[in-house]
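Labels below follow one simple rule: chain letters A, B, ... track the order of the sequence lines, proteins then strands, and each chain is numbered from 1. Bear in mind the structure is a predicted one, so any value in this text is a computation, not a measurement.
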Amino acid sequence: MITIIDYNSGNRGSLTNTLDKLKIKYEVTSDPEKIAIASKVVLPGVGRAAQAMKELRKRNLIDVIRDLKVPFLGICIGLQVLADFSEEDDTICLSIISGKVKKFSSEMGLKIPQIGWNQVKFAENAKKDPLFQDIPDGSYFYFVNSYFFDASKEDIRAVTPYGVEFPSVIKKDNFYATQFHLEKSGEIGLKLLNNFLNL
Amino acid sequence: MKIIPAIDILGGKCVRLFRGDYGQVKKYADDPIEVAKKFENDGAEFLHVIDLDGAKDGESVNQDLILQIANSVNIPIEVGGGIRNLQTVKTYLEGGVNRVLLGTKAVEDPDFLSNLIEEFGPERIVVCIDVKEEKVAIKGWRDITKISYLDFARKLKTLGVTEVLCTDVLKDGTLTVPNFEMYEQLYEFGFNVIAAGGVSTTDSIKKLNAIGLRGAVIGKAIYEGNLSIKDATEATKTISGLAKRIIPCLDVKNGRVVKGVNFKGLKDVGDPVELGKKYSDEGADELTFLDITASKEDRETTYEMVRQVARNVFIPFTVGGGIKTVEDVRKLLECGADKVSIGSAAVINPDLVREASEEFGSQCIVVSVDAKKVQGTYKIFIKGGSEETDLEAVDFCKKVEELGAGEILLNAMDNDGVREGFNIELLKMVTEAVKISVIASGGAGCLEHFLEPLKEDCADAVLAASVFHSGEIQIQQLKKYLEDNSITIRT
């Protein structure tokens with residue numbers, strides 16, 4: 001059983017469709033009590049950091065998320081809100097993983113938002129992580145983002161080249177997060193999600 | 001980020017100082033004009049020329065020589081040192097110099113500075129923020145004021161300054177590392193920042209580039225042979241692993257995928273979910289469903305189709321056709337579409353693009369543009385290409401970018417159905433004008449056609465319908481072909 005945090009985040013549907021496909025049971029809820037006792041938690045999301053934080057606050061979910069001890073997976077905005085701070089609308093975030101969310105620089109000739117399939121290269125500390133079991137190094141995942149989480153080296157599990165080598169998978173303690181949309185990344189995305197569910 | 005080699009002139013010769021100390025001079029060449037030409041030859045895109053005598057004396061000393069440099073090379077140059085009155089600024093800017101650098105005068109006379117910005121435009125007036133131990137240095141760096149550089153930067157912002165060139169005096173000429181933190185702070189003020197002082201390795205250049213700086217001035221490292229202009233420029237090149245996308249397009253009518261010529265003689269080619277899954281399994285990077293259902297009453301069939309696709313296809317997909325309101329967009333996204341493609345409605349009611357992107361984010365708003373050359377100009381057409389507008393294609397693309405579109409699906413009507421290749425001319429015009437992704441559409445007939453816009457780097461994705469539906473080209477075959485031709489493809 002997996003608990004998906006419902007906070008009006010837009011793309012919940014594609015995640016539940018994916019779980020249906022994998023025949024995984026899930027519950028979609030914004031009830032802090034249910035989330036606090038969940039065995040696995042996913043925080044999906046598209047949209048803006050400020051909006052996401054506002055919706056989480058409104059539902060009294062800030063401390064509940066911070067206090068989670070079970071495997072947690074943040075996706076896209078669900079990754080970015082784990083930071084201390086986001087440059088997007090100068091948003092104070094959850095401070096679960098230290099670092100700041102920054103915008104890609106268009107000075108580098110990049111298209112913003114980044115839209116499309118980009119390479120995910122594992123960091124040395126990720127090689128034995130069960131999350132990446134049977135996922136080849138350098139696999140392509142689907143990204144849609146204008147901002148990235150400039151995390152500390154010890155929390156980075158994979159990077160992706162887009163102007164800079166930005167962190168695309170982050171992990172600290174029980175908190176995992178991917179900048180890409182694994183629910184839109186075809187077979188390889190399903191595999192990664194499955195690995196998370198088997199943690 | 002531009003690499004800007006420095007030419008510092010003292011007594012008519014090309015020299016370098018150590019930390020701005022006029023007592024520690026090293027001469028590198030007798031003729032600064034030759035040095036400028038050499039830098040141009042080596043690939044420099046911009047030159048930074050400083051009149052050291054001028055900076056010291058408070059008036060232009062080497063002006064004639066500098067104007068000769070400006071007129072001996074074909075790249076833009078910026079000039080600083082002793083520029084403290086309107087006449088000097090005029091002489092330089094009217095004599096072939098592109099930008100002037102103001103240091104001392106900008107600190108001492110804010111009115112003078114704002115008048116210059118008014119008269120010549122902010123992009124031609126660059127303010128030097130010369131910093132020594134957090135304070136602003138003036139008069140050839142010999143006087144240190146009590147003004148902190150951050151306070152000075154704040155003030156410049158209010159005066160309308162957009163371009164700053166910032167030097168950490170203690171780093172200059174030392175071949176160490178630049179003061180990254182200082183540049184980051186100035187960048188965050190919203191200035192176009194050029195870094196100077198201590199830029200001596202490609203690693204430093206990469207870091208400055210990542211901050212988002214406009215340029216980096218390099219002096220001693222080039223003269224001493226530690227760094228070449230070529231390597232420095234190479235270090236500023238964008239790294240990206242983003243793959244080019246292959247997008248099959250499915251025309252859907254009343255819940256079925258159809259195929260036909262100009263919407264006439266439509267033939268049923270299958271179920272959207274089945275075909276979508278097939279293409280997804282074969283390695284398509286994305287799918288586009290174009291709803292050509294005629295009547296509004298049949299929209300419910302479309303929504304059901306979108307729901308079914310969303311439940312069965314785990315790659316991104318876009319739905320277009322007949323979207324007129326924010327509610328239409330909402331409904332499609334709720335049914336599971338990842339993006340929507342807005343066509344005629346973006347022309348008739350451009351506010352829709354703005355409203356929809358504000359509401360749902362740019363990442364899910366694609367604007368589909370039909371363009372055709374009319375008397376030498378690409379014009380926008382609407383209503384399935386049946387109605388010409390007076391809008392020019394490039395202008396329109398820029399406009400929808402401003403309104404918040406995340407991507408442009410560019411259909412070249414002249415090429416559509418002709419199967420002679422994508423319209424490279426049009427694609428180039430649009431990709432050069434906008435900073436968002438451009439999807440090429442119209443004209444694909446064989447493998448080589450797909451390669452062309454990708455190789456020319458004038459498309460982020462290529463879209464086609466009939467060559468895929470007919471089975472003439474398999475997705476995997478196309479991907480292998482593109483990969484063999486050095487295009488980054490998701491494998």
Side-chain angles (χ1 to χ4, degrees), chain A residues 10-18 20-22 46-48 51 76-77 87 102-121 136 138-146 150 159-166 168 181-190 193, chain B residues 1-2 187-188 192-193 206-207 209-215 236-245 280-281 283-286 307 309-317 333-339 359-364 366 406-407 431 434-439 460-461 488-491:
Chain A
N11 79 329
R12 205 185 67 210
S14 39
L15 184 65
T16 54
N17 284 330
T18 312
D20 285 337
K21 160 91 174 175
L22 293 169
V46 289
R48 306 178 75 93
Q51 182 67 13
C76 195
I77 282 292
E87 277 181 4
K102 296 179 173 176
K103 190 164 188 174
F104 286 124
S105 166
S106 63
E107 295 294 317
M108 287 177 258
L110 296 171
K111 310 235 173 168
I112 298 174
Q114 165 181 224
I115 297 180
W117 300 78
N118 205 336
Q119 273 183 332
V120 172
K121 304 183 199 170
S139 291
Y140 283 88
F141 287 86
Y142 189 73
F143 289 82
V144 179
N145 61 316
S146 302
D150 191 11
V159 294
T160 293
Y162 200 61
V164 289
E165 295 230 307
F166 74 90
S168 45
H181 286 276
L182 37 72
E183 75 282 9
K184 279 288 158 191
S185 295
E187 286 301 320
I188 202 93
L190 298 186
L193 187 59
Chain B
M1 188 177 77
K2 284 208 168 22
Y187 173 76
E188 283 176 8
N192 295 323
V193 183
K206 281 180 187 164
K207 273 196 186 170
N209 192 30
I211 294 172
L213 301 195
R214 186 55 61 96
T236 65
K237 292 266 163 68
T238 303
I239 58 155
S240 169
L242 202 62
K244 300 288 188 183
R245 288 169 281 158
S280 169
D281 290 346
D285 299 304
E286 209 171 303
R307 280 188 209 105
V309 171
R311 273 184 214 127
N312 292 284
V313 176
F314 301 100
I315 59 170
F317 74 101
L333 294 176
E334 275 173 6
C335 290
D338 297 293
K339 311 179 202 179
E359 179 93 18
F360 310 106
S362 295
Q363 81 287 340
C364 64
V366 182
E407 290 178 274
T431 44
V434 301
K435 289 196 177 84
I436 51 177
S437 297
V438 175
I439 303 163
D460 300 280
T488 308
I489 287 294
R490 174 178 72 114
T491 46

Interface moiety of B/Lys2 toward chain A, non-hydrogen atoms closer than 4.5 Å
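Interface part for B/Lys2: neither.
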Which bit of B/Glu188 is near chain A, if near means a heavy-atom gap under 4.5 Å: side chain, backbone, both or neither?
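Just its side chain gets close to chain A.
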Audit row: A/Glu165, B/Ile239, side-chain contact (heavy atoms from CB on, under 4.5 Å) steps and yes/no
CA-CA 8 Å; A/Glu165 295 230 307; B/Ile239 58 155; 3.9 Å; yes
Any idea which heavy atoms bring [X] and [Y] closest together, and the distance?
{"X": "A/Trp117", "Y": "B/Asp285", "result": "NE1-O, 2.8 Å"}
{"X": "A/Tyr162", "Y": "B/Ser240", "result": "CD1-OG, 3.4 Å"}
{"X": "B/Thr431", "Y": "A/Lys111", "result": "CG2-NZ, 4.2 Å"}
{"X": "A/Ile112", "Y": "B/Ile436", "result": "O-CG2, 3.9 Å"}

Gap separating the [atom1] atom of [X] from the [atom2] atom of [Y], nearest 0.5 angstrom:
{"X": "A/Tyr142", "Y": "B/Arg245", "atom1": "OH", "atom2": "CZ", "value": "5.5 Å"}
{"X": "A/Ser14", "Y": "B/Leu333", "atom1": "OG", "atom2": "CG", "value": "10.5 Å"}
{"X": "A/Glu183", "Y": "B/Asp338", "atom1": "CD", "atom2": "CG", "value": "8.5 Å"}

When only pairs under 4.5 Å are counted, which of [options] shares the most heavy-atom pairs with chain A?
{"options": "B/Arg311, B/Lys206, B/Glu334, B/Glu407", "result": "B/Arg311"}
{"options": "B/Ser280, B/Ala310, B/Pro316, B/Cys364", "result": "B/Pro316"}
{"options": "B/Thr491, B/Asp460, B/Thr488", "result": "B/Asp460"}

Intermediate values then yes/no, side-chain contact (heavy atoms from CB on, under 4.5 Å), B/Phe314 and A/Glu187:
CA-CA 8 Å; B/Phe314 301 100; A/Glu187 286 301 320; over 6 Å; no
Under 4.5 Å from any heavy atom of chain B - which part of [X]:
{"X": "A/Gln114", "value": "side chain"}
{"X": "A/Thr18", "value": "both"}
{"X": "A/Leu190", "value": "side chain"}
{"X": "A/Lys103", "value": "neither"}

More than 12 non-hydrogen atoms from neighbouring residues, nucleotides or ligands closer than 6.0 Å to CZ on B/Arg307, yes or no?
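More than 12 heavy atoms, drawn from other residues, nucleotides or ligands, come within 6.0 Å of this atom.
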Find out whether A/Ile115 and B/Lys339 are in side-chain contact, i.e. whether some heavy atom of one side chain is under 4.5 Å from a heavy atom of the other.
yes
